[in-house]
Amino acid sequence: MILTLGDSRTGLVRKVNEDAINLDVENVYILADGMGGYEGGQIASTLAVESAGNFLERLEPAELSESNLKESILLANQAILDRKQDDDQFLSMGTTMIAASVIGDTLNWAHVGDSRLYVWHDNILKQITTDHSFVMELVNEGKISREDMRFHPRKNEITRAVGIEKSLTVDTGYFKLDNDSLVLLCSDGLTGMIDDNVIRSVIADNPRRTQDDLKKLDKDLMEKAYDAGAKDNVSLILVQFTETLE
C-alpha cells in the first residue's frame, strides 16, 4: 500500500510560488524549485513538472525506470530552453528537479539541483540525493560543516540546474523500500529553514498509518518551516510505503 501527499506553499517573503509539484501519474512524484525571477521561476518549474509528467504518463508502470525518469528531466530541460527562445526576459530561468517512481518495492529517482530526496526507516533519516550547490562543494572540500550550510551567504547558489544548458548531467539511482518506509521529496524552502535533526524529530513524533496521519505530518513540517521564517517557498511530497500482508 502506498499513501501519498503533496503540498506546495508560498513562503512569508516571496510574492509568488516558484515551486511546482506533479502527482498526476500514479506512483510518480515530481518536484521542482524554479529560479530566474518571480515569473521566470514559476514558468520554469511549471514547464518542468508538466513536460516530465506528460512523458511519464505515456509509459507502462514497469517502464517507470531510472533511465526514463532521467529522460523526463532531459525533456524538461529542452522544454525550458525552447521557451527561452520565445522571450528574452526569461533567459536566466531554470529549475531544480526531482522525479521519482515506485515499481513494486523499488523506488527509482533522477535529480538535478538542491531539492532533496530523503528516506526514513527504523528511525533513521537518510538523504539520498546529493545537492548540486556551491555550499555542498565546500562541505565536500572540508571547508565548512553540513551545519554551516544553511547560514552560508552563498547557500542559494546551485551548480547544476534544469533549463540552463543543452548538455545536462542527471544523477539517478534506486533503492529498495522496506516495510513502513517514508520517502520525502522537498525543496530547499524546507531544508533551508530547518535542519535534518528537526525533520527527523517531526517524523519520529508522527504515526503514518492513514492519509490523515500524513496530513498531520505535512502540517507539522510546514509549521516548523514557517516558524523559522519561511524565507522561500516550501514544497514537499510524502510517500508512505507499507507492504500488504496476506
Side-chain angles (χ1 to χ4, degrees), residues 5-14 17-21 29-35 41 45 48-49 94-100 107 109-121 123-140 143-162 171 173 175 181-206 208 214 217-240:
L5 183 147
D7 195 359
S8 183
R9 306 186 191 184
T10 304
L12 298 174
V13 176
R14 301 291 178 92
N17 190 351
E18 297 172 68
D19 293 357
I21 60 176
Y29 321 100
I30 310 171
L31 181 147
D33 179 357
M35 62 187 190
S45 62
V49 301
T95 187
T96 71
M97 193 169 177
I98 300 176
L107 187 134
W109 59 268
H111 165 249
V112 175
D114 65 352
S115 294
R116 293 180 179 177
L117 172 66
Y118 291 90
V119 64
W120 164 274
H121 182 68
N123 293 317
I124 296 173
L125 180 69
K126 181 179 180 181
Q127 182 179 338
I128 301 300
T129 53
T130 298
D131 296 355
H132 303 137
S133 66
F134 175 76
V135 290
M136 181 54 71
E137 291 183 353
L138 293 181
V139 171
N140 292 337
K143 294 180 178 178
I144 66 172
S145 68
R146 285 188 65 92
E147 290 72 25
D148 294 331
M149 290 174 63
R150 292 190 303 121
F151 307 104
H152 196 278
R154 297 176 64 179
K155 66 178 182 178
N156 293 324
E157 294 184 24
I158 58 177
T159 56
R160 198 189 306 175
V162 179
D171 291 355
F175 57 89
S181 293
L182 175 76
V183 176
L184 167 66
L185 294 77
C186 61
S187 65
D188 69 342
L190 182 70
T191 55
M193 291 292 98
I194 59 176
D195 64 24
D196 287 4
N197 288 328
V198 175
I199 295 173
R200 184 181 299 110
S201 177
V202 172
I203 296 174
D205 288 344
N206 276 274
R208 300 173 308 281
L214 278 194
L217 174 56
D218 168 52
K219 175 178 176 290
D220 289 353
L221 287 170
M222 285 290 184
E223 283 185 352
K224 291 293 186 182
Y226 275 74
D227 288 346
K231 296 178 181 178
D232 200 351
N233 306 304
V234 189
S235 297
L236 59 84
I237 297 172
L238 299 168
V239 183
Q240 174 66 33

Trainee: Report the residues that fulfil salt bridge (charged side-chain N to carboxylate O under 4.0 Å, His left out) with R200, sequence neighbours left out, ordered by chain and then residue number.
Mentor: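 Salt bridge (charged side-chain N to carboxylate O under 4.0 Å, His left out) check on R200 returns nothing, list empty.
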Trainee: Quick check: closest heavy atoms across S115 and L31, and the distance to 0.1 Å?
Mentor: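 Taking S115 first and L31 second, the nearest heavy atoms are OG-CD2, 3.7 Å.
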Trainee: Can a donor-acceptor pair be found, under 3.5 Å and without considering hydrogens, that links the side chain of T95 to the backbone of D33?
Mentor: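 Flag set: sc T95 to bb D33 pair under 3.5 Å.
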Trainee: For the backbone of L12 and the side chain of R14, can you confirm whether one donor and one acceptor N or O come within less than 3.5 Å of each other?
Mentor: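 Not a single qualifying donor-acceptor pair exists.
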Trainee: Tell me if a side-chain donor or acceptor on S45 pairs with a main-chain N or O of G41 at a distance below 3.5 Å.
Mentor: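 It does hold such a pair.
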Trainee: Over all heavy atoms of both residues, which pair between M35 and I158 is shortest? Give the atoms and the distance, please.
Mentor: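 In this case the closest contact between M35 and I158 is SD-CD1, 3.7 Å.
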Trainee: Is there any salt bridge (charged side-chain N to carboxylate O under 4.0 Å, His left out) pair reaching into residues 110-120, and which pairs are they, with sequence neighbours excluded?
Mentor: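 Of all non-adjacent pairs touching residues 110-120, those that pass salt bridge (charged side-chain N to carboxylate O under 4.0 Å, His left out) are R116-D131, R116-D196.
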Trainee: Distance check, rounded to the nearest 0.5 Å: K224 atom NZ versus D195 atom CG?
Mentor: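 Rounded to the nearest 0.5 Å, the NZ-CG separation comes to 11.0 Å.
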Trainee: How long is the gap from NE2 on H111 to CZ on R160, to the nearest 0.5 Å?
Mentor: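 The distance works out to 8.5 Å.
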Trainee: Minimum heavy-atom separation for L185 and A100, please, with both atom names.
Mentor: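 What the structure gives for the nearest pair is CD2-CB, 4.3 Å.
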Trainee: How long is the span from the CD atom in E18 to the OG atom in S235, to the nearest 0.5 Å?
Mentor: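 Between E18 CD and S235 OG, I get 10.5 Å after rounding to 0.5 Å.
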Trainee: Below 4.0 angstrom, N of the basic side chain to O of the carboxylate: do D218 and R9 qualify?
Mentor: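 Result for this pair is yes, salt bridge flagged.
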Trainee: Can you find a side-chain donor-acceptor pair between N17 and S8 that sits under 3.5 Å?
Mentor: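 Indeed, the side chains of N17 and S8 share at least one donor-acceptor pair under 3.5 Å.
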Trainee: Side chain of H132, backbone of G113: donor and acceptor closer than 3.5 Å?
Mentor: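 Here the side-chain-to-backbone pair exists.
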Trainee: If every non-hydrogen atom of I128 is compared with every non-hydrogen atom of V119, which pair is closest and at what distance?
Mentor: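 Minimum heavy-atom contact is CD1-CG1, 3.7 Å.
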Trainee: Check whether any side-chain heavy atom of L125 lies under 4.5 Å from a side-chain heavy atom of I199, and answer yes or no.
Mentor: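 Side chain of L125 against side chain of I199, heavy atoms only: contact under 4.5 Å found.
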Trainee: For residues D19 and G34, report the shortest heavy-atom separation together with the two atoms involved.
Mentor: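 In this case the closest contact between D19 and G34 is OD1-N, 4.4 Å.
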Trainee: Over all heavy atoms of both residues, which pair between G189 and V234 is shortest? Give the atoms and the distance, please.
Mentor: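 Heavy-atom minimum between the residues: O-CG2, 3.7 Å.
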Trainee: Treating D188 as the side-chain partner and T191 as the backbone partner, does any N or O pair qualify as donor plus acceptor under 3.5 Å?
Mentor: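 Answer holds: no.
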Trainee: Output yes when a side-chain donor or acceptor of H121 lies under 3.5 Å from a complementary backbone atom of N123, and no otherwise.
Mentor: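 Between the backbone of N123 and the side chain of H121 there is no qualifying donor-acceptor contact (under 3.5 Å).
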Trainee: Under a 4.5 Å cut-off applied to non-hydrogen side-chain atoms, are V49 and I21 in contact?
Mentor: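 Answer no - side chains too far apart.
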Trainee: Does a donor on one side chain sit under 3.5 Å from an acceptor on the other, for N206 and D220?
Mentor: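 A donor-acceptor contact under 3.5 Å links the two side chains.
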